[in-house]
Number of protein chains: 2
Amino acid sequence: MDEKIVAKEIWSIKANPSSSEWLEFFSEKVEAQDSKFLRSFLDNNHPADIAEVLEKISTDSAIYVFKLCDSEMQSAVLVEFDEEYQAELISRLRLDEISPIVEKLETDEVTNLISEISKEKAEEILNSIDKEDSSQIRKQLNFREYTAGRLMTTDFASAYETDTVRKAIIKLRRVAKETEDIYLLYVTDEQNHLKGYVKLKDLFLAPLNSKIGRLVKEEAFHIHYDTDQEEVAKTFRKYDLVSCAVVDDLDRIIGRITVDDILDIVQEEASEDILRLGGVSEEERLNTSIWDSLRRRLTWLVINLGTGVLAASVVSYFESTIQSFVLLATLMPIVAGMGGNAGTQSITVVVRNIATGDLSAANWGSAFRKEGIIGLINGLSIGAITGITVFLYTGKLVLAIVIFLAMLSNLIMAAVVGAFIPLVLRAFGIDPAIASSIFVTTFTDIFGFFCFLGLATLFLGYL
Amino acid sequence: MDEKIVAKEIWSIKANPSSSEWLEFFSEKVEAQDSKFLRSFLDNNHPADIAEVLEKISTDSAIYVFKLCDSEMQSAVLVEFDEEYQAELISRLRLDEISPIVEKLETDEVTNLISEISKEKAEEILNSIDKEDSSQIRKQLNFREYTAGRLMTTDFASAYETDTVRKAIIKLRRVAKETEDIYLLYVTDEQNHLKGYVKLKDLFLAPLNSKIGRLVKEEAFHIHYDTDQEEVAKTFRKYDLVSCAVVDDLDRIIGRITVDDILDIVQEEASEDILRLGGVSEEERLNTSIWDSLRRRLTWLVINLGTGVLAASVVSYFESTIQSFVLLATLMPIVAGMGGNAGTQSITVVVRNIATGDLSAANWGSAFRKEGIIGLINGLSIGAITGITVFLYTGKLVLAIVIFLAMLSNLIMAAVVGAFIPLVLRAFGIDPAIASSIFVTTFTDIFGFFCFLGLATLFLGYL
């Protein structure tokens, strides 16, 4: 065999999903059903990399490769797909292909998967797997979506306060064989009430005969199963947690959440806010179909069109003023637009600080004052620059004063309304990220046009 | 003592920084120098909660409380402050107060702190602490900011492949006493080249006499010290890591990064993108001074004003058209505004997907096509709605056709330009979040005004 070809073959086994050439090369291998190549691809790559490649090739090819894996690998790859893709894949597999995969997943992963697919299919799957597992999953499905109860896994290591270190290690070993990520040993009383935790590293330092209860240094952080996932993420961030116990109403431990899920949540919640602020549905991903993307974006644009018409109707009210002094038509978009820009700045800061938890009832007064002062100074500065420019350009002092006053009022309003609306929306239980910007820009458009054209009408004789 | 007062006292020891009443109550206690209350406050709260309270009261009060802590607690509280506040606090302490705190910090925490304060102060501090520590820190300060080398701590547990499990546990114990978060034991050859890792839980399962090398299941994830922190975060997210080894140019382990730092980075990078997209400096926090906020926001607004004037100059070019048909002045902001909205949607999706790594060279072609199709259909729909509304309202068919065509062109342009500009900026090494929106809205304003007023001028005789 030519040496160059060998080198290419070896190079090509490592996943390289960011190169379109490599993806093409891989797709050819799949079409040729080159099972020797595909097997070494599967053996030599991390499930996360395999999933990334499969998501980027045709679904038929992906399923062909997926079926080459054993069920262990299939479950490892499956959980790396995003949720829509998981559901798609499951819908294309037979029940006897699905059950062994599902049995190898952790409970939170199954719950996640099940909640994405049709009720009938979910019921079929649950009936096909181990009874104990399925009753556990049914229980977990009863928790509200996006809460700690849904995020947790029910596999965790625990021991009683009264156990010796030796006994605790024996208990730990039993769980450790089957559970991937154990960082803490939870300590409970005999009714499973959470009493604290011991770090694994501290178990190595402890004499084998001492009681576990004596190793507990501090209260374990615990989270009630009904806690919202955003709150859960805040707790992890604030206290630098790696794992956190989830408790029931009686403070008994029922599961634990690990930090890898939290990383994903922090990322998702941030994406949600960014997309919502940009007027895009939070569910839109790169692989969302064009029709879904369209439906969501178009809805938002139609709403914007409505508010645009509202603003335009303010302009139409002043048509005769514009007719007699057409320069106003040139200048009015500047006043409205600057209000929109300044308002967006205020919203962005306020919405972000609400999301990170830095803005709360204790300090919204001072945040509000700050935005007000910024609005005032921004208004004076931008108003002055605009006024002077207009004066230099047109030589009309009254027009310069009119645009100065309109800009000043609109920028103050923009800052105050931009800081206020997210808080109001939040008080009504509406995500401030989703609706703030449309309220604020509508407001600054209408108010900007009204101030500028209104003042111009008042002083029309002097323009 | 009255029972009610006792209850209030007990309640009040737990930090409640989200209630302004509680903060007032706490500030009074500080002013009264009620050391009994303050001591039990410090004893009963997590350093993260203590820091949160101190950040919200006056700096003088905060320093008073901070000085009540022993150096252990001081270092635990200090790292919970944000960086600006850390620097402020350090500048208010004497060198003999700082040194014992610094000695209790991990290397990445010191490096962080040192890079925030003045060179002279930093030099003083480094000279005052243990020589071995300070030379380590100086070394770490040579790495580029925002890279793995800066994020890592140099405290980690490792053993040689040839060690027995027993020996490895002895090595582990030595490190475990002084290091908080150990999740993995790194395995190296005798020249410290990284060979893999063993999870702590697996150490409990292994026979004491077996060789550590035999427990290594897979390659350890490792990151070169010069890797950008955004890349590091992506690796953690993709492979669900808790801890990751940092290696030098010769693949020798020199430190490790833990997931708690990554959580903060993911959050910060997201905030950065959100704020930049909103036209606010990424460094603006709630406690940024008004003047700093102003300076940053005003700069952005002035740039926007410039682009606004550019767009207005397009309008002024058509003043005579507007003069003869003033309804155009009412309608033109709608065309420009809708372009801005649609462009913002495209930017948002593209910028976010660049940030999460989902959009790369391999799929930007398809992303681009998708935005184009969305732009076309959005344009047809919004154009049709607007055209029909204008026709019903004014009865002028030609005007309706003009606004339909202008809207269609502007929305297609908005989508294409909105998808294109972030990629171009990125190719030039500019963060797409910071500048995309201003380019796109300027473009849609100018193009929108030009299309609409231009077409109207062409068909003026028929309007």
Side-chain angles (χ1 to χ4, degrees), chain A residues 18-20 23 48 169 172-173 176 182-183 200-201 204-205 237-240 242 259-260 263 266-267 270-271 274-275 278-280 286 290 293-294 297-298 301 304 308 312 315-316 319 322-323 326 329-330 333-334 337 341 344-345 348-349 352-353 358 360 362 370 373-374 377-378 381-382, chain B residues 18-20 23 48 169 172-173 176 182-183 200-201 204-205 237-240 242 259-260 263 266-267 270-271 274-275 278-280 286 290 293-294 297-298 301 304 308 312 315-316 319 322-323 326 329-330 333-334 337 341 344-345 348-349 352-353 358 360 362 370 373-374 377-378 381-382:
Chain A
S18 65
S19 138
S20 52
L23 283 174
I169 290 178
L172 172 68
R173 274 195 195 133
I182 300 183
Y183 313 111
L200 287 204
K201 64 139 187 148
F204 286 106
L205 298 173
R237 278 215 315 129
K238 183 167 179 186
Y239 300 111
D240 290 344
V242 178
V259 68
D260 50 315
L263 257 186
V266 170
Q267 182 93 0
S271 287
I274 290 178
L275 294 176
V280 187
L286 218 55
I290 287 185
S293 295
L294 255 176
R297 293 206 211 168
L298 205 46
L301 289 179
N304 270 300
V315 177
S316 77
E319 270 176 12
I322 295 172
Q323 183 98 53
V326 76
T330 298
I334 301 181
N341 291 327
T344 302
Q345 291 182 331
T348 307
V349 171
R352 189 57 192 158
N353 281 296
D358 291 332
S360 61
K370 184 179 164 185
I373 296 173
I374 288 180
I377 302 175
N378 274 343
S381 322
I382 297 290
Chain B
S18 64
S19 138
S20 52
L23 283 175
I169 290 177
L172 173 68
R173 272 195 198 134
I182 300 182
Y183 314 110
L200 286 204
K201 63 141 188 148
F204 285 106
L205 298 172
R237 279 216 313 129
K238 182 165 180 188
Y239 301 111
D240 289 344
V242 180
V259 69
D260 49 314
L263 259 185
V266 170
Q267 182 93 2
S271 287
I274 291 178
L275 294 177
V280 187
L286 218 55
I290 287 185
S293 295
L294 254 176
R297 293 206 210 167
L298 204 47
L301 289 179
N304 271 298
V315 177
S316 77
E319 268 176 13
I322 295 173
Q323 184 99 52
V326 76
T330 299
I334 301 181
N341 291 326
T344 303
Q345 290 183 332
T348 307
V349 171
R352 189 58 191 157
N353 280 297
D358 291 333
S360 61
K370 185 179 163 185
I373 297 173
I374 288 180
I377 303 176
N378 274 344
S381 322
I382 297 290

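Worth saying up front: this structure is predicted, and the values here are computed from it rather than measured. Letters go in sequence order (proteins before strands), and every chain restarts at 1.
Contacts between A/Ile373 and chain B at a heavy-atom distance below 4.5 Å involve the side chain alone, from C-beta outward. Both the backbone and the side chain of B/Ser316 come within less than 4.5 Å of a heavy atom of chain A. Heavy-atom distances place the side chain of B/Ile334, and not its backbone, under 4.5 Å from chain A. Proximity to chain B (any heavy atom under 4.5 Å) is shown, for A/Val349, by both the backbone and the side chain. Contact of B/Leu23 with chain A is made through the side chain alone, with heavy-atom distances under 4.5 Å. Proximity to chain A is limited to the side chain of B/Arg352, based on heavy atoms less than 4.5 angstrom apart. For A/Leu172, the part lying under 4.5 angstrom from a heavy atom of chain B is the side chain only. Of the atoms belonging to B/Asn353, it is side-chain heavy atoms, and not backbone ones, that fall under 4.5 Å from chain A. In this structure, chain B has a heavy atom under 4.5 Å from the side chain of A/Ile169, while its backbone stays farther away. Of the two parts of B/Val242, only the side chain, counted from C-beta on, holds a non-hydrogen atom closer than 4.5 Å to a non-hydrogen atom of chain A.
Minimum interatomic distance between B/Ala312 and A/Thr330 (heavy atoms only, all atoms of both residues): O-CG2, 3.1 Å. For the residue pair B/Gln323 and A/Val326, the shortest heavy atom distance occurs at OE1-CG1, 3.6 Å. Nearest approach of B/Ile274 to A/Ala270, heavy atoms of both residues: CD1-O, 4.2 Å. Closest non-hydrogen pair, B/Ala329 versus A/Val315, comes out as O-CG1, 3.9 Å.
How far CG of B/Leu200 is from CZ of A/Phe204: 5.5 Å, rounded to the nearest 0.5 Å. Note: B/Ile377 CD1 to A/Leu298 CG = 9.0 Å, rounded to the nearest 0.5 Å. Summarising the geometry, atom CG belonging to A/Leu294 is positioned 9.0 Å from atom NZ belonging to B/Lys370; distances are rounded to the nearest 0.5 Å.
The residue among B/Ile322, B/Ile182, B/Ile382 with the most heavy atom pairs within less than 4.5 Å of chain A is B/Ile382. The candidate from B/Lys238, B/Gln267, B/Arg173 with the greatest count of non-hydrogen atom pairs under 4.5 Å with chain A is B/Gln267.
For the pair B/Gln345 and A/Leu301, the minimum side-chain heavy-atom distance is below 4.5 Å.
Here A/Lys201 pairs with nothing under the salt bridge (charged side-chain N to carboxylate O under 4.0 Å, His left out) rule; sequence neighbours left out. Every residue two or more places apart in sequence or in another chain that forms a side chain to side chain contact (heavy atoms under 4.5 Å, CB included) with B/Thr344 is listed here: B/Thr348, B/Thr441.
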